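Since we're looking at a predicted model, the values are computed, not measured. Numbered from 1 within each chain, the chains take letters A, B, ... in sequence-line order.
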Amino acid sequence: MADKNSVHPAQLDYEKQKRKEEMKQQVITFALMIIFTIIAFSMVASGLDKLFVIPIIVVLAAVQVGFQLYYFMHMSHKGHEMPAFMFYGGVFAAFLCIIALGVLVWW
Amino acid sequence: MSTMVATNKRSFGSTLWDYLTTVDHKKIAIMYLIAGGFFFIVGGLEALAIRWQLVKPMNDFVSAGLYNELITMHGTTMIFLAAMPLIFAFMNAVVPLQIGARDVAFPFLNSLGFWLFLFGGILLNVGWITGGAADAGWTAYAPLSIISPGEGVDYYVLGLQISGAGTLIGGINFLVTIVNMRAPGMTYMRMPLFTWTAFVASALILFAFPALTVGLFLMMFDRLFGSGFFDPNMGGNAVIWQHLFWIFGHPEVYILALPAFGIFSEIISTFSKKRLFGYSAMVFATVLIGFLGFMVWAHHMFTVGMGPAANSIFAVATMAIAIPTGIKIFNWLFTLWGGNITINTAMLYSLGFIPTFTMGGMTGVMVAAASADYQYHDSYFVVAHFHYVIVGGVVFALFAATHYWWPKMFGKILNETLGKITFWLFFIGFHMTFFIQHFLGLMGMPRRYWVYLEDQNLDLGNAISTVGAFLMGLGTIVLLYNVVITSVKGEKVGPDPWDARTLEWAIPSPPPFYNFKQLPLIRGLDPLWIEKTEGRSGMTPAEPIGDIHMPNNSILPFVMSLGFFIAGFGFIYQKYDAIWLSLIFIGMGIALGAMLTRSIKDDLGYHIHKEDLEKEAKE
């Protein structure tokens, strides 16, 4: 095992590069999230048809949750497979229940 | 030396205090076993009362109202207070040992989960002495459960809410434990099947119990605070309760059945002296059952009027579950095939389980056919079906596990002769009780009726069924006697009395409180067997002897649960008089105070020192 103080300079460069890349992605996602929020609010303010506005807001919200999880909470990194699996398991179970209750009870 | 615990010759008071404050998974397992066993007997006595009422036509052993309470409490007790905790008993006793861990991930939460379950269970049963237990069926369908007078259903709602929180905590604990605390080399595909099934069952608990929590909260508000979630007159919908209950209720069946499958996989493999046939297919089938278990809940509601499209979808999804279950049945048979089979009590239960559960699965596919279900629904055919699945699957597994893991938990083997007597009494009694109920159901005897008329060809069948139930009761008494006689007279056995395959048998029986002096190195599936075939007597350590970090005992879980228990009474009785609100404040104050104490007081645990471990090894 290599000592932590004597990391190879190429390795150091690579990690620096990677962090820079990540920072850039985070800034872009942050900007996108603000834009999404502005879109959502302005759509409500402009008084468009409900049937048109609600699905779009739901989609925007879903994308934002994805951004949050993958770019800010590092779910794409190594070692997050099990949390990701559990997360999607929960989403799956909740989705099934909501869709079925929606269709069977209130439709 | 100061950190070592003296285990012999202690006063009763200090032993009691030790159990009230323990965070050791092995002691919590014993408490789950005792509490679950107690509720199993309570539920069994309720079952005997039900059967005695039905022994002859127009019997008047109990009144109609008491009969409703008996069937409700029998179902609720057996599922939530007997089967679940007994499964948790074996998960606690065995899973950390099987993966080579020193305890579960959150020992404090483990203790909290147990005490919440116990106080919830007690609250549920308090109704018996305060003027009537819950009487709306174990499914508590609205609107019956909303209009049911008295406090019975309130005790059901609050009791299940508290014990459900305990179960949820336990499930999360096992998920984190199995993900994070496996010994070096213990990859997912080297985990014993009992650990795998405990893992999937814990995931099901995580996803299924929130639906019950929501349902119970809605019912609590409807009953106690005048809301109308299930009241059509106020814009509610009574069917929502059924959906929420079964979104939880169907995965619950697999939460019970999957660990049972795991238990049988361990036993069949050990006593056939073969590795489990089709291990990876077994894992796949377990995960698939867990996955499909969430898409089938509406098969309990075919006659509600969801329409033919919904009924067909849920019918097909339900039948699909027969495929992974069939994979499992065949793998057990192939594990037996050509094995060097030892028939003892644990193995008898496993061999009895295979045909019994297959019959339960067969009738399961029958009731899954939506159109045919209109005939079976709410008849004794359904009663027979789910008892074949739950008793034939889960209870047999719990009895088998009791015999199989008793030496690991207590260091003594349960008497084999008495064990076999229990098996035959219980097995014959079970089939006498429930096989005939298929035909009673097909002849039109409805479920949950407290009497039936003479000369409708139902007399003989019901009499046979009652005799069978008493045989099962007799078998249980023999088992209790066996436990007592073994504790008094049984001889101590070594770490590995069964010549078994998995990791728990590599350490002394009962295990020391730190489980593994050195974490073992896992080199494959059935790690102990691998070492044995290569001529070694124990596991190869993966680390040098070092200090072991242990958690401190704590009374806080007990206090917290007691707080919620007291608050439960406040929530129920405030509907009569606002003065009872004070109990809510006292109870929640105790619980929140205990939480605050836990949050702000640092509890860093203690270390068992290397020197003490070495000294102990020399003695």
Side-chain angles (χ1 to χ4, degrees), chain A residues 1-7 11 15 18-19 22 44 49-51 53-55 57-107, chain B residues 171-172 175-180 182 188 199-200 202-212 214-215 218 229-230 232 235-251 287 290-299 301-302 304-311 313-314 317:
Chain A
M1 260 196 9
D3 191 4
K4 271 199 176 141
N5 299 323
S6 61
V7 183
Q11 172 83 17
E15 273 180 14
K18 223 173 128 188
R19 270 190 217 124
E22 221 166 78
V44 176
D49 186 19
K50 261 189 189 170
L51 217 61
V53 174
I54 292 174
I57 290 183
V58 169
V59 169
L60 289 180
V63 174
Q64 285 210 28
V65 169
F67 280 163
Q68 173 76 20
L69 288 169
Y70 278 93
Y71 289 101
F72 294 111
M73 295 174 77
H74 306 286
M75 216 161 84
S76 53
H77 285 199
K78 237 183 145 174
H80 289 62
E81 294 84 3
M82 189 49 79
F85 177 71
M86 284 292 157
F87 184 86
Y88 285 114
V91 168
F92 166 74
F95 177 76
L96 266 185
C97 298
I98 292 166
I99 211 86
L101 280 178
V103 171
L104 293 174
V105 179
W106 290 293
W107 197 350
Chain B
I172 292 170
L175 276 179
V176 180
T177 304
I178 295 171
V179 171
N180 291 314
R182 285 166 288 128
Y188 281 110
F199 182 57
V200 176
S202 301
L204 295 186
I205 288 175
L206 176 65
F207 297 141
F209 266 74
L212 178 70
V214 170
L218 299 185
F229 293 107
F230 305 131
N237 187 332
V239 181
I240 297 173
W241 165 263
Q242 293 192 29
H243 278 289
L244 286 172
F245 186 85
W246 288 117
I247 286 170
F248 146 79
H250 201 78
V287 177
F291 180 76
L292 289 173
F294 278 98
M295 308 188 217
V296 297
W297 77 85
H299 67 208
M301 304 164 54
F302 282 150
V304 161
M306 296 180 298
N311 277 7
I313 292 169
F314 283 104

What part of B:Ile313 lies closer than 4.5 angstrom to a heavy atom of chain A: side chain, backbone, both or neither? neither
Shortest non-hydrogen separation from A:Leu96 to B:Phe294 and the atoms involved: CD1-O, 3.6 Å
Atom OH of B:Tyr188: over 12 foreign heavy atoms under 6.0 Å: yes
Tell me, with the steps shown, if A:Phe85 and B:Val179 meet side-chain contact (heavy atoms from CB on, under 4.5 Å). CA-CA 12 Å; A:Phe85 177 71; B:Val179 171; over 6 Å; no
Looking at the rings of B:Phe207 and A:Phe92, which for Trp means the six-membered one, are their centres under 6.0 Å apart? no
More than 12 foreign heavy atoms under 6.0 Å from CE of A:Met82: is that the case here? yes
